Amino acid sequence: MEESIRFDYSHAAPFLLPDEWEPYADAVKLAHHMLHNKTGPGHEWLGWVDWPIRCDQAEVLKIKEAAAQIRHDSDVLLIIGIGGSYLGAKAVLDIVGHTFSNTLQRDRRQAPEVYFVGNQLSAGYLNHLLDIIDGKDVSINVISKSGTTIEPAIAFRLFRDYLQKKYGAAGAQKRIYATTDASTGALSKLAVEAGYPRFDIPRDIGGRFSVLTAVGLLPTAAAGGDIDALLLGAAHAHAEYRTPELQKNPCYQYAVARNLLYRKGKLIELFVGYEPQQRFFAEWWKQLFSESEGKSGQGIFPATGAFSTDLHSLGQYIQEGSRHLFETVLWVDEPESDVMIGEDPADVDGLNFLAGKGIDYVNEKAFEAALLAHVDGGVPNLVLTLPRQSAYYLGRLIYFFEKACGISGYLMGVNPFDQPGVDAYKENMFALLGKPGYEQQKMELEARINRRS
């Protein structure tokens, strides 16, 4: 039997008194039942709760077949999406893949180079990407429930045209894979009309909870990742975190610890990892919690850091700045590999005391040193430990945070599964760009801009 993820809140003990946990036990049970019985706010978006044990195996097989075709056809796979339509896939690929995958020789990579586009509006990025893919065979996985979100929609229009010019309409049709709503939306309609291979985003799963669907599975499989292990880890997490008992559920303990700290003025949660491959997992985590809890004038502000790098920039603030933050630290017990430190006869740098030790040992001591220093400085630390950094444990970790996020949002008194604030800038942008139907709003916004200038 595989080990569990370990959650340790002892380094926040001075801020989490024993008698403060018990009042949350009943609230956690209520939140648990609202999730599993689909009776709470946002219940129409709770398909992710049981997804690890009910996902369609025929769809998984279809994903594997498409991934094999992409690997056969393509030197490059472009993944077009924004927010939950790209962050989860990027997080998974970074953790389960080689740090420098795109620059490895193809026979070592055994998969196409993977690039993400449609997640910002930079012409420079697009032109640099066009330079990179020039002369290479390209496939596209466009991911969007609606097909009208402006960043990925523009990118898809550009690269669809690129493929059609390169391969002709028929050739492009075989290289474009659409992950979208099963029956509604502009992208779904276009995929049917053009005959693109299509994969469904379940209607009851929101974008930030969708990484274990085709949204994340197709890019992962195309890049050579083990999606069976990813789903198995999530399924085991589903079973492990199913108990409503707070004392027996580490996932719910994390949710309660966050709420307790929040109510004591810890308004910022800094998620940190000690492996560069975890950077985009932290970005996925940041979207998950910010869109779920940042409502009604409340919510913990989620920030991210990469240690030990950011100990040389954020470290001073963490140690001695305003005491309004806490840290959630991700640590991995067993490194994927190690590098041994040699001995220098002259010992010019004074590091011979480390000769014969591994870089991972030094990294571990950095983790322990920072943990002790930050706690001594008044920063509570919550520590999650993975036995190994693998697809299986990543599946467990993804589900851990999804479940904890749902419980935490309910404890906070918000609907964790909508994101009404995200649409505000979109509406303004459509108006300022002159989209038909926004004429009056355009005039009002431009007047406001002119008054400020």
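In this text the structure is predicted, and so the values were computed from the model without any measurement. Residues take their numbers from the sequence shown, with the count starting at 1.
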Would you say the side-chain atoms of [X] pair up with the backbone N or O of [Y], donor to acceptor, closer than 3.5 Å?
X	Y	value
Asn249	Tyr241	yes
Gln287	Trp284	no
Ser122	Tyr125	yes
Glu364	Val362	no
Arg6	Pro387	no
Lys38	His33	no
Asn37	Thr39	no
Asn127	Ala123	yes
Gln253	Leu246	yes
Trp48	Gly206	no

Taking the side chain as every heavy atom from C-beta outward, state whether [X] and [Y] have any pair of such atoms under 4.5 Å apart.
X	Y	answer
Asp204	Leu46	no
Pro380	Leu16	no
Asp200	Asp56	no
Phe271	Leu382	no
Ser183	Arg203	yes
Ile5	Leu384	yes
Leu267	Tyr262	yes
Phe209	Phe417	yes

Closest non-hydrogen atom pair between [X] and [Y], with its separation:
X	Y	answer
Ser144	Thr180	O-OG1, 2.7 Å
Lys295	Val414	O-CG1, 4.1 Å
Gly216	Ala89	CA-CB, 4.3 Å
Ile227	Leu217	CG2-O, 3.5 Å
Cys251	Ala404	SG-N, 3.3 Å
Gly118	Ile82	O-CB, 3.6 Å

Subject >> Pair His374-His11, side-chain contact (heavy atoms from CB on, under 4.5 Å): steps then yes or no >> reply: CA-CA 10 Å; His374 292 174; His11 302 287; over 6 Å; no
Flag if over 12 foreign heavy atoms under 6.0 Å of [atom1], [X]:
X	atom1	value
Arg263	CZ	yes
Phe301	CZ	no
Lys189	NZ	no

With no hydrogens and no angle check, do the side chains of [X] and [Y] hold a donor and an acceptor under 3.5 Å apart?
X	Y	value
Gln277	Asp94	no
Thr179	Asn141	yes
Ser101	Glu113	no
Thr385	Asp8	no
Gln389	Gln278	yes
Tyr399	His236	no

Salt-bridge contact [X]-[Y] (side-chain N to carboxylate O under 4.0 Å):
X	Y	answer
Glu427	Lys435	no
Glu293	Arg258	yes
Glu446	Lys442	yes

Original post:
Any idea how Tyr196 and Phe156 line up, ring-wise: parallel (<30°), tilted (30 to 60°), or perpendicular (>60°)?
Top reply: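 Ring orientation, 0 to 90° scale: perpendicular.
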Subject >> Qualifying residue, where the test is side chain to side chain contact (heavy atoms under 4.5 Å, CB included) with Phe116 and the options are Leu93, Leu87, Ile80 >> reply: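 That would be Leu93; it is the only one of Leu93, Leu87, Ile80 passing the side chain to side chain contact (heavy atoms under 4.5 Å, CB included) with Phe116.
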Original post:
Applying the side chain to side chain contact (heavy atoms under 4.5 Å, CB included) test to Pro112, which of Val138, Leu77, Val76 qualifies?
Top reply: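 The single option meeting the side chain to side chain contact (heavy atoms under 4.5 Å, CB included) with Pro112 is Leu77.
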Original post:
What pairs of residues pass the salt bridge (Lys or Arg N to Asp or Glu O under 4.0 Å) test when at least one of them lies in residues 235-249, not counting sequence neighbours?
Top reply: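 Of all non-adjacent pairs touching residues 235-249, those that pass salt bridge (Lys or Arg N to Asp or Glu O under 4.0 Å) are Lys29-Glu245, Asp50-Arg242, Glu240-Arg396.
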Original post:
Can you list every pair that meets salt bridge (Lys or Arg N to Asp or Glu O under 4.0 Å) and has a residue in residues 219-231, with sequence neighbours left out?
Top reply: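 For residues 219-231, and leaving out neighbouring residues, the salt bridge (Lys or Arg N to Asp or Glu O under 4.0 Å) pairs sorted by first residue read Lys64-Asp228.
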Subject >> Thr304 and Glu283: CA distance, side-chain angles, deciding distance, side-chain contact (heavy atoms from CB on, under 4.5 Å) verdict >> reply: CA-CA 7 Å; Thr304 62; Glu283 292 300 306; 3.3 Å; yes
Original post:
Do Trp21 and Tyr9 have their ring centres less than 6.0 Å from each other?
Top reply: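 Between Tyr9 and Trp21, which both carry aromatic rings, the centre distance is below 6.0 Å.
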**OP:** Assess the pair Tyr254 and Phe400: is the distance between their ring centroids shorter than 6.0 Å?
**Re:**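 Here the rings of Phe400 and Tyr254 have centres that are less than 6.0 Å from each other.
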Subject >> Lys403 to Tyr252, cation-pi by 6.0 Å centre distance and 45° axis angle >> reply: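 Not flagged: Lys403 not positioned over aromatic ring of Tyr252.
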Subject >> Pi-cation contact, Phe326 with Lys266 (under 6.0 Å, within 45°) >> reply: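 Here Lys266 fails the 6.0 Å and 45° test against Phe326.
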**OP:** Mind checking side chain to side chain contact (heavy atoms under 4.5 Å, CB included) for Gln419 and listing every partner two or more places apart, or none if nothing turns up?
**Re:**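 For Gln419 the side chain to side chain contact (heavy atoms under 4.5 Å, CB included) partners, ignoring immediate neighbours, are Arg208, Glu291, Val422.
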Original post:
Which residues satisfy the side chain to side chain contact (heavy atoms under 4.5 Å, CB included) test with Ala67, sequence neighbours excluded?
Top reply: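 For Ala67, the residues satisfying side chain to side chain contact (heavy atoms under 4.5 Å, CB included) (neighbours in sequence not counted) are Arg71, Leu218, Ala221, Ala222.
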Original post:
What is the distance from atom OG1 of Thr220 to atom NZ of Lys90, rounded to the nearest 0.5 Å?
Top reply: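 Taking OG1 in Thr220 and NZ in Lys90, the distance rounds to 12.0 Å.
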**OP:** For side-chain contact (heavy atoms from CB on, under 4.5 Å), just list the numbers for Asp418 and Trp45, CA-CA rounded to whole Å, side-chain angles, deciding distance to a tenth of an Å, and then say yes or no.
**Re:** CA-CA 8 Å; Asp418 64 358; Trp45 296 103; 5.5 Å; no
Original post:
Yes or no on side-chain contact (heavy atoms from CB on, under 4.5 Å) for Phe401 and Phe281, after CA distance, side-chain angles and deciding distance?
Top reply: CA-CA 11 Å; Phe401 280 124; Phe281 184 84; 3.7 Å; yes
Validation: residues 310-319 side-chain donor-acceptor distances under 3.5 Å, sequence neighbours left out:
from: Asp310; atom 1: OD1; to: Ser313; atom 2: OG; distance (Å): 3.3
from: Asp310; atom 1: OD2; to: Ala306; atom 2: N; distance (Å): 2.8
from: Ser313; atom 1: OG; to: Asp310; atom 2: O; distance (Å): 3.4
from: Gln316; atom 1: NE2; to: Glu320; atom 2: OE1; distance (Å): 3.0
from: Tyr317; atom 1: OH; to: His324; atom 2: NE2; distance (Å): 2.8
from: Gln319; atom 1: NE2; to: Ala373; atom 2: O; distance (Å): 2.7

Subject >> Glu336: salt bridge (Lys or Arg N to Asp or Glu O under 4.0 Å) partners, not counting sequence neighbours >> reply: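 None.
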